[in-house]
Number of protein chains: 6
Amino acid sequence: MVVTGVRRASAAEVEGLGRCGVATVHEAQNRSGLLDADLRPVWPGARMAGTAVTVSVPPGDNWMIHVAVEQATEGDVLVVAPTSPCGDGYFGELLATALQARGVRGLVIDAGCRDVAALAEMGFPVWSRRISAQGTVKQTLGNVNLPVVCGGRLVGPGDVVVADDDGVVVVERDRAASVLEAARRREEKEALSRERYAGGEISLDVSGMRAELAARGLTYVAETELA
Amino acid sequence: MVVTGVRRASAAEVEGLGRCGVATVHEAQNRSGLLDADLRPVWPGARMAGTAVTVSVPPGDNWMIHVAVEQATEGDVLVVAPTSPCGDGYFGELLATALQARGVRGLVIDAGCRDVAALAEMGFPVWSRRISAQGTVKQTLGNVNLPVVCGGRLVGPGDVVVADDDGVVVVERDRAASVLEAARRREEKEALSRERYAGGEISLDVSGMRAELAARGLTYVAETELA
Amino acid sequence: MVVTGVRRASAAEVEGLGRCGVATVHEAQNRSGLLDADLRPVWPGARMAGTAVTVSVPPGDNWMIHVAVEQATEGDVLVVAPTSPCGDGYFGELLATALQARGVRGLVIDAGCRDVAALAEMGFPVWSRRISAQGTVKQTLGNVNLPVVCGGRLVGPGDVVVADDDGVVVVERDRAASVLEAARRREEKEALSRERYAGGEISLDVSGMRAELAARGLTYVAETELA
Amino acid sequence: MVVTGVRRASAAEVEGLGRCGVATVHEAQNRSGLLDADLRPVWPGARMAGTAVTVSVPPGDNWMIHVAVEQATEGDVLVVAPTSPCGDGYFGELLATALQARGVRGLVIDAGCRDVAALAEMGFPVWSRRISAQGTVKQTLGNVNLPVVCGGRLVGPGDVVVADDDGVVVVERDRAASVLEAARRREEKEALSRERYAGGEISLDVSGMRAELAARGLTYVAETELA
Amino acid sequence: MVVTGVRRASAAEVEGLGRCGVATVHEAQNRSGLLDADLRPVWPGARMAGTAVTVSVPPGDNWMIHVAVEQATEGDVLVVAPTSPCGDGYFGELLATALQARGVRGLVIDAGCRDVAALAEMGFPVWSRRISAQGTVKQTLGNVNLPVVCGGRLVGPGDVVVADDDGVVVVERDRAASVLEAARRREEKEALSRERYAGGEISLDVSGMRAELAARGLTYVAETELA
Amino acid sequence: MVVTGVRRASAAEVEGLGRCGVATVHEAQNRSGLLDADLRPVWPGARMAGTAVTVSVPPGDNWMIHVAVEQATEGDVLVVAPTSPCGDGYFGELLATALQARGVRGLVIDAGCRDVAALAEMGFPVWSRRISAQGTVKQTLGNVNLPVVCGGRLVGPGDVVVADDDGVVVVERDRAASVLEAARRREEKEALSRERYAGGEISLDVSGMRAELAARGLTYVAETELA
């Protein structure tokens, strides 16, 4: 089944969350929404944010990715999950060419990817579980734009996907505005801490941890007294 | 045992297949011949093609690689497989220096490799299962130029090995010519598709998939009709 | 518990061992001291040497790293091990800023790390088991500067830690001088071999292996005689 | 947060699905709903079916399982997922004693379990990713009876969980009746096939595959004609 | 392609090798022929020997196993390898019923298996990489009775396959007689050692290792002299 | 090097700790001392306690285990760790026969084991990382009775090793008495809890957790109020 006319988070929300980066967005929604850390960028320095077009595919069969291309538009990212674990190379340069021509920002796939040198050259970012030249067939149907579990997290169509060198995080489309606000507050707070740390202060003082540590029973002993 | 005087695929075949790259060669021989995707380049951007000198080594013992150096010549690549799983660093800068001096193109090893910074600087490409500084001993014999299973595939002496960022593929020496021809045909076809995709067409139309998808029962439903 | 006033290997020993690199130091102490090869640099080309400040942390809790910052000083490296396996992102840019301000050389962590793009930009080197944006809490105590098992090896406070693209090796503080001497002898020997290999000689001759190989029964057979 | 008063699939649905077993239920809902095959029974021969009480826990912290015990009642099973990957032993004999006293059927946990000898003796079934004696703390809150991703699949409170030696499958509470009906039809069909196979017939004839295989180009060649 | 009329090792060879067991057969052919140790029996105590019918299958597609049933006869075992890594449950009770009716001894599969409780009850032995209820489709062709790489080793049609709790070993059909003879010699020798060890002697004396150990420099130091 | 005359924990300490079991001993020493949970018993129901004879072995070489047999005596267990990761079958029935004749209680090995059917029949317990028939050579020396890191933890000669279905825990020889006392106190406390849980009480009341949970902000919401 293919679901059309999917409502998406707004471009402003996507752009704002993308600027904050994965670690900050993840913290801003109470340390949730991260995909499995085994999904890694296929070329270093990749970074993207977009709205999810979700795709469910059989093992070793990429037919539905071709179907999904048509559903994807400016500002989207494809999020692809196989119905059982598979590391085959579902995606390569030709599909990336088609997606890039439509303004699609990138791909997250809980499986394999190939043509990674070409993808790097094109600047088309992909996060995958594996890099593998193993090709796939086109024989069995799946779904587009139904919710999928990708990298151990539920991703719905239209949700915001942010990805960088630290991994991939997803924000539900209806929570995008509030998460963005929390992420910005966090960034401001961190900027202050960074400045103080760079000046030589440490978190025990900056965050006032000493009393709590002592209350929990932390003790300091000189090495010469240990023996 | 060391087998000498091995017949090899021709330099023209090797050069042609190397130019096509791993994904194309793998497709051109009906999606076969790929080594396990866990064999990865130890430095990014590496790319090579050559004829296999196969080496079977005990776990933690690299003596036979030293023996194999003498059997390797201009245009060869070493293909090394341990007799039981081992991630030790069998290979480093010194062996690479000796091989490079003989015109050897690179190494594929179903085990560990070390000195990777030096290998990158020398431009000597290696695909390995692991990077590990763990050294090996020189105490037990193995074989050179008998067929080995490396990365889950059979590799024979003189076979063509092509490797790049997508992985490693092997072509039997007697099939090299026919696979090269099929790979070239595939490249031409892909060039046409790439052009059309870049122009905004999609595979549902370029490859005429719509009828078949409909026949299999693919349906399109608007999100607003789902609830 | 936090142990203070830790005796450390000397700056000269650290500097010398760091110059030799991981593979050479590991060989120089009889192929021992290597941490698990799954601990990898989070950015390529990273290289460091320093004296260990050891930290034991609960799963998903980085409080003791904050405590350890205060114990670390010019020339140190943090060595962090969780009490049970955990891949969460214990460490990021802010802690790195605080450590860099104190002259700390880098981090080895048998767990996860995040903000890797920022760490690369700052030039702060980290070897970790995983890259993960998953944040941690600050609720449970651990230890600083007691010996820890990190990457399968025992690391004591004040020990020398050398890390590069090949992995991480540790040298006990009381053996640093003798290992450094052995490492330098090894480097000299390797320099000679490198020159001869570059000139086309091979190890069978350079290291005189032919007699021993023959004694063990190595035989050479032409391929045409095999069938 | 703890959600109370959860609507559950009916006892008759649970009992019927449990009798069909995991493989049949999975097929009956179009090969969906299986949890990751790395979740294995901690003692052989375990088998259960029940309605899910879902629990989300921090890494290395089992406090919320204690909270969940109170929410579980006759015919339920606990489904526990950590917020980041963790193999610690969250669950053992004492919690099993409390659950068994309440009529709870068993546990599915995407983490570690301990006291497995005692659990086997008690006949309390557990499917876990790991067996580990590693204890956990009680310091951080999580959720009970909100949907969780466990073993890569979404599980909602009140859903039917069926588990046996083949793994774990989940059926949404609102689809339980229709899946049960499909599972029973499948069982009847398989009983007929089993009888014919036991009598020496094979699937090529029983399922009439020969024509389709021939149409796809399957060829038979005698070994003596191959060379 | 399906190859018919395959020449097989003799029943006497198979029976003799099966009696020796995996570890002994592996040693008898110079520590070779073992499949990857991750292929484990799906029920404990399973043990079998037979001649290989080899099957190559696409990921997630078990059609060719159905084709292979017809090629298998009394004394055979199926050896199944996917063309790319896949853990799906290709095989279950119904196929086992059909094979058992034909006198087939068991299955080795470098993928997943299901219905393991039923297989244990039937006494049909299976060695697989995984247990998974995940079903497969029947849409793509593969090969029967061409050589396959299964568990990292080459297996040819008609080869002898021996499997028990220690794993799986394969013996080429043309080497079966000589390997059997070597295995029997080894068994006799081990019986003598076993008797001496049970009587309290140790291998340092039984196998005369002391002189060689001393020559290599083994030293004995009392613990009290260490500090 | 072989260290002789090793001081061991007392038989009474070993027997007492063994009776408590792995999970309790691990808790009694503040959740420390557990070996990696990937070390599993090779046959179910195995259980043992003894004093460690530690052995360091090269990859794929079991010579030092033969040397260690002579150092082991009534009440000991062998603890074997390879110098680099290796899953080969270092240990089998013949070595077990020699050890059993000397009153040795069992083996913990951070590598592979074979002849597991015979070991089960003999009642000789083994915890290993892998089961593999892959044989090893006898060519390189290692150490006996120096401290080793096994399963990620430091084990010294004479330390107490307790192992059961939950894994393996080690107690330093000088802490055995105090850990035993703490373990017994814990057992008494758990017996009381078990009785109350079996009677239908739950830990929220038995351990008085409700106030603390409320203080942290735990809230209860009816499912019908969620939407």
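Every chain is numbered from 1, with letters handed out A, B, ... down the list of sequences.
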Q: Please find the pair of heavy atoms, one from D/L213 and one from E/L141, that lie closest to each other, and give the distance.
A: CD2-CD2, 3.6 Å
Q: If you define the side chain from C-beta out and look only at heavy atoms, does anything of E/V3 sit under 4.5 Å from D/E225?
A: no
Q: Which atom names give the shortest non-hydrogen contact between E/A133 and D/H26, and what distance separates them?
A: O-CD2, 3.1 Å
Q: At a 4.5 Å cut-off on heavy atoms, which part of D/D205 comes close to chain E: side chain, backbone, both, or neither?
A: neither
Q: Sub-3.5 Å donor-acceptor pair from the side chain of D/D166 to the main-chain atoms of E/I131, do we have one?
A: no
Q: Grab the two heavy atoms, one from D/A37 and one from E/S132, that are nearest each other, plus how far apart they are.
A: CB-CB, 3.8 Å
Q: Which bit of D/T224 is near chain E, if near means a heavy-atom gap under 4.5 Å: side chain, backbone, both or neither?
A: neither
Q: For the candidates D/G199, D/G217, D/S203, which exhibits the highest count of non-hydrogen atom pairs separated by less than 4.5 Å from chain E?
A: D/S203
Q: How about residues 57-94 of chain E versus chain D: which residues have heavy atoms under 4.5 Å apart?
A: E/W63, E/M64, E/H66, E/V67, E/V69, E/E70, E/Q71, E/E93, E/L94
Q: Write down the atom of E/T4, the atom of D/A222, and the distance for their closest heavy-atom approach.
A: OG1-CA, 3.3 Å
Q: Which atoms of D/E27 come close to chain E, meaning under 4.5 Å heavy atom to heavy atom: side chain ones, backbone ones, both, or neither?
A: side chain
Q: Should E/R114 and D/D164 count as an ion pair when the cut-off is N to O under 4.0 Å?
A: no
Q: What closest approach, in Å, do D/L34 and E/Q134 show between heavy atoms, and which atom pair accounts for it?
A: CD1-N, 3.1 Å
Q: Can you tell me how far CD of D/E195 sits from OG1 of E/T97, rounded to the nearest 0.5 angstrom?
A: 11.5 Å
Q: Contact part of D/R210 toward chain E, heavy-atom cut-off under 4.5 Å: side chain, backbone, both or neither?
A: side chain
Q: Is any side-chain heavy atom of D/L226 less than 4.5 Å from a side-chain heavy atom of E/L146?
A: yes
